[in-house]
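Report on the following structure.
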Amino acid sequence: MRVVSIVGNRPQFVKAAPLSRALRTRARETLVHTGQHYDPELADLFFDELGIPEPDHALGIGPGAPLGQLAEMLRGIGPILTDDPPDVVLVYGDTTTTLAGALAAAKTGLRLAHVEAGLRSFDRSMPEEQNRVVTDHLSDLLFCPTDAAVSNLMREGITRGVHRVGDVMFDAHLLFAQVAAARPGPDRWGLRAGEYLLLTVHRAAATDSRAALLDLVAVLEALDAPALFPVHPRTRHRLEGEGLWERAERVPGLRLLPPIGYLDFTRALLDARAVLTDSGGVQKEAFFAGVPCLTLRTETEWVETVEAGFNRLVAMDAGAVREALSDLALPEDRPDLYGDGDAAGATAEVLLAGA
Ligand code: UDP
């Protein structure tokens with residue numbers, strides 16, 4: 001059996017790592033890297049650290065306006081699928097790369113499988129939500145990480161080919177947490193375990209307007225502890241463009257870094273007092289690590305982390321952040337929300353059986 005897996009950015013590399021391992025023991029995988037993330041710290045480092053094989057096709061598309069990126073990706077992926085059609089095309093998550101892979105597979109009449117299917121924020125203005133909805137509706141096999149994801153699909157009339165397999169990011173966390181724990185600790189950044197906050201911010205809603213960036217800077221200024229903020233290139237670029245970068249640099253105790261690798265990020269997470277983020281993946285990783293999460297959005301796809309009391313929706317609101325930081329207590333029990341740690345194995349089984 002042959003699978004074409006299509007990846008292109010940071011969270012997809014993390015998701016592909018365990019699944020690629022599981023697949024390659026039983027099937028032939030052709031890996032396509034669109035190049036949506038191309039900076040070394042957002043791409044190459046992930047391939048090295050996570051042991052992802054060299055891509056068979058590196059399209060090198062790079063950043064750009066989403067429509068242009070989508071068109072270029074379709075132009076790049078199309079011939080790969082038509083020249084040597086695989087049994088199934090595998091796409092991950094909710095990015096332009098996901099949508100391009102899904103459209104290319106559907107238009108060439110190939111079977112499409114979506115990893116992390118059924119996630120919804122119910123905000124159709126989010127590019128990620130558009131990508132998820134279209135991809136799910138085109139998919140033949142839908143691999144859901146949670147029960148909520150299965151219910152979301154059911155509400156949209158999608159019941160065939162739906163498999164609740166667990167979360168491949170949980171698999172990745174279990175695979176790499178020990179290696180990460182052996183990395184140098186937070187003292188390398190002059191921080192003490194259990195005392196600092198860890199931040200990530202990259203969504204369009206948080207970075208695409210001056211008003212949103214001012215809210216972000218106000219949040220940085222409201223932090224009550226030293227903090228580590230590996231800044232996504234898009235966020236840095238936007239802050240610089242609005243003349244707000246220097247203001248962020250002046251926040252006492254705030255360490256502004258370029259994005260760090262998955263292992264260093266996981267290491268930093270394991271010892272953090274709390275995480276503040278607008279990332280989907282980081283909300284879950286905070287839960288895996290048992291670290292309180294404040295989500296800088298008004299909604300989340302990972303509702304079960306909120307229901308379990310491990311995650312709070314505080315929006316990009318300095319007052320709400322300050323208040324939430326004053327009470328970070330977590331429940332005693334951490335429920336099993338994301339499967340048994342072998343979502344990749346379960347996904348590979350279904351793929352092999354279904355081809
Ligand atoms: N991550 C990382 N380095 C960083 C920030 C995040 O390795 O400096 C990892 C993080 O551990 C998670 C993934 O990047 O696995 C999340 O990616 P991102 O926030 O870009 O995407 P989202 O999850 O929101 O789709």
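Counting starts at 1 for both ligands and their atoms, following the listed order.
- The 4.0 Å heavy-atom shell around ligand 1 contains residues Arg10, Pro11, Val14, Phe46, Met169, His202, Arg203, Pro230, Pro259, Ile260, Gly261, Tyr262, Phe265, Ser279, Gly280, Gly281, Val282, Glu285, ordered by chain and number.
- When each of Glu299, Glu156, Glu301 is paired with Arg120, the salt bridge (Lys or Arg N to Asp or Glu O under 4.0 Å) condition holds for Glu156 and for no other.
- For residues 273-294, the set of pairs meeting the ring-ring contact (aromatic ring centres under 6.0 Å, His included) definition, not counting sequence neighbours, comprises Phe170-Phe288, His173-Phe288, Phe287-Phe310, Phe287-Tyr338, Phe288-Tyr338.
- Applying the ring-ring contact (aromatic ring centres under 6.0 Å, His included) rule to pairs touching residues 5-35 yields Phe13-His33, Phe13-Phe47, His33-Phe47, sequence neighbours excluded.
- In the hydrophobic clustering, where aliphatic and aromatic side chains (Ile, Leu, Val, Met, Phe, Trp, Tyr) are joined below 4.5 Å either directly or transitively, Leu257 groups with Trp189, Leu191, Tyr196, Leu198, Leu228, Ile260, Phe265, Leu269, Val275, Val282, Val291.
- Side chain of Asp271 to backbone of Gly194: no donor-acceptor contact under 3.5 angstrom is found.
- Side-chain contact, Thr98 with Gln12: a donor N or O sits under 3.5 Å from an acceptor N or O.
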